[in-house]
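Reviewing the structure listed below.
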Number of protein chains: 2
Amino acid sequence: MSTLTAAQRRERDRAAYDAFLAACPARQLLDRIGDKWVSLLMAALSDGPMRYAELGRKVAGISEKMLTQTLRGLERDGLVTRTITPSVPVRVDYALTPLGESLGTVVRELKRWADTHMDAIAAARDAYDTRTPGA
Amino acid sequence: MSTLTAAQRRERDRAAYDAFLAACPARQLLDRIGDKWVSLLMAALSDGPMRYAELGRKVAGISEKMLTQTLRGLERDGLVTRTITPSVPVRVDYALTPLGESLGTVVRELKRWADTHMDAIAAARDAYDTRTPGA
DNA sequence: CGGCATCCTGAGAGATACTG
DNA sequence: CAGTATCTCTCAGGATGCCG
């Protein structure tokens with residue numbers, strides 16, 4: 001039977017699309033750098049290695065949970081290294097890998113586009129909001 | 001008094017940081033293109049103008065709500081145009097603006113990095129998961 | 001056809017408290 | 001110092017149904 005409701009069809013399509021998206025490299029990359037803390041942490045580390053608590057202070061608003069979670073993710077992806085020095089108060093340093101620095105370069109290109117064009121976007125936004133005053 | 005609890009200090013810091021982030025162009029851009037549907041929709045539109053329902057079919061898994069919502073956001077930011085043809089069944093076409101195409105170029109650069117380096121990330125991920133088998 | 005209002009659920013963000 | 005564990009709660013996003 002081709003008797004599929006719109007909902008059923010969409011569900012099937014979504015499953016197929018999800019598989020496609022999971023395999024899409026660009027999608028994975030966007031998910032990573034789109035993460036609120038990833039870019040901030042990497043920017044902080046681009047100045048050189050830092051300790052756990054230093055990062056927590058530098059990025060200010062981050063909770064310990066997200067700090068740990070994000071760093072773990074970055075470590076897993078080979079973007080940062082985690083170096084444990086087993087002194088009496090343990091010391092843990094995080095640093096960018098070459099891969100991480102490479103990604104940092106790309107992100108900075110993105111930032112350059114942002115710096116050049118975001119005022120145009122802001123202007124468009126203002127114009128739009130003026131055109132659509134109430135709602 | 002400097003008698004602030006850790007929570008109070010963090011809250012104050014977060015407020016300040018939120019303000020900083022809201023003003024940061026790069027952050028705004030990342031929030032945009034990090035959105036699951038934005039890049040997909042823009043990729044679809046890079047082939048030329050499309051109608052509402054066409055987009056819905058091309059992007060397959062998207063719900064009508066997200067389709068409308070995302071398109072509105074892109075229109076507001078001056079990245080796409082929305083053209084209404086008041087025929088009897090209404091016809092609405094969406095197309096990239098020059099600004100939108102410019103952004104598309106940047107995103108494609110990002111995609112190039114992804115295509116070149118995501119296998120390294122996947123490898124790092126595998127290695128990490130092997131090193132950390134149980135948990 | 002194209003779109004908005006409404007309700008509802010689940011993933012994920014943060015606070016808190018405890019451990020090596 | 002550097003986490004881990006647990007709980008709560010928000011809110012993005014999907015389903016549904018109605019309008020122009």
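Keep in mind that the numbers below use all heavy atoms, side chains included, and drop hydrogens, waters and symmetry copies.
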Give the angle between the helix axes at the two ends of the helix from C/dC1-D/dG20 to C/dG20-D/dC1, taking five base pairs at each end and rounding to 10°.
50°
Find the distance [X]:[atom1] to [N]:[atom2] and express it as a whole number of Å.
| X | N | atom1 | atom2 | value |
| --- | --- | --- | --- | --- |
| A/Ile62 | C/dA13 | CD1 | P | 10 Å |
| B/Met50 | C/dC1 | CE | P | 15 Å |
| B/Asp35 | D/dC11 | CG | C1' | 14 Å |
| B/Leu67 | D/dT16 | CG | P | 18 Å |
| B/Lys36 | C/dA11 | NZ | P | 13 Å |

If you look only at pairs with a residue in residues 36-45 of chain B, which of them pass as a salt bridge (Lys or Arg N to Asp or Glu O under 4.0 Å), with sequence neighbours excluded?
none
Test item: [X] and [Y] side chains (from C-beta on) under 4.5 Å apart, heavy atoms:
| X | Y | result |
| --- | --- | --- |
| B/Trp37 | B/Leu67 | no |
| B/Leu79 | B/Leu96 | no |
| B/Leu55 | B/Ile62 | no |

Applying salt bridge (charged side-chain N to carboxylate O under 4.0 Å, His left out), name anything that partners B/Arg125, two or more places apart in sequence or on another chain.
A/Asp77
State which residues pass salt bridge (charged side-chain N to carboxylate O under 4.0 Å, His left out) with A/Asp93; sequence neighbours excluded, sorted by chain then number.
A/Arg91
Name each donor-acceptor pair under 3.5 Å that joins a side chain in residues 114-124 of chain B to protein atoms two or more places apart or in another chain, with its distance.
residue: B/Asp115; atom: OD2; partner: B/Lys111; partner atom: NZ; Å: 3.2
residue: B/Thr116; atom: OG1; partner: B/Arg112; partner atom: O; Å: 2.5
residue: B/His117; atom: ND1; partner: B/Trp113; partner atom: O; Å: 3.1
residue: B/His117; atom: ND1; partner: B/Trp113; partner atom: NE1; Å: 3.3

Please name all residues satisfying side chain to side chain contact (heavy atoms under 4.5 Å, CB included) with B/Arg72, sequence neighbours left out, ordered by chain then number.
A/Tyr128, B/Thr68, B/Glu75, B/Arg82, B/Tyr94
Every protein N/O within reach of nucleotides 2-4 of chain C N/O, cut-off under 3.5 Å:
residue: C/dG2; atom: OP1; partner: B/Arg51; partner atom: NE; Å: 3.0
residue: C/dG2; atom: OP1; partner: B/Arg51; partner atom: NH2; Å: 3.0
residue: C/dG2; atom: OP2; partner: B/Ala53; partner atom: N; Å: 3.2
residue: C/dG3; atom: OP1; partner: B/Arg82; partner atom: NE; Å: 2.9
residue: C/dG3; atom: OP1; partner: B/Arg82; partner atom: NH2; Å: 2.5
residue: C/dG3; atom: OP1; partner: B/Tyr94; partner atom: OH; Å: 3.3
residue: C/dG3; atom: OP2; partner: B/Tyr94; partner atom: OH; Å: 3.2
residue: C/dC4; atom: OP1; partner: B/Arg72; partner atom: NH2; Å: 2.8
residue: C/dC4; atom: OP2; partner: B/Arg72; partner atom: NH2; Å: 3.1

Knowing that exactly one of B/Leu74, B/Thr70, B/Leu99 qualifies, which makes a side chain to side chain contact (heavy atoms under 4.5 Å, CB included) with B/Val80?
B/Leu74
Residue pair B/Pro89/A/Met66 against DNA chain C: nearer the 5' end by closest nucleotide is B/Pro89
Result block: side-chain N/O donor-acceptor pairs under 3.5 angstrom for residues 40-50 of chain B, not counting sequence neighbours:
residue: B/Ser46; atom: OG; partner: B/Ala43; partner atom: O; Å: 2.6
residue: B/Asp47; atom: OD2; partner: B/Lys58; partner atom: NZ; Å: 3.1

How would you list, by chain and number, every residue that makes a side chain to side chain donor-acceptor pair (under 3.5 Å) with A/Ser39, sequence neighbours excluded?
B/Arg27
At 4.0 Å (heavy atoms only), tell me whether A/Gln69 reaches a base, stays on the sugar-phosphate, or touches nothing.
sugar-phosphate
I need the residues from residues 26-33 of chain B with at least one non-hydrogen atom less than 4.0 Å from DNA chain C; give them sorted by number, or say none.
none
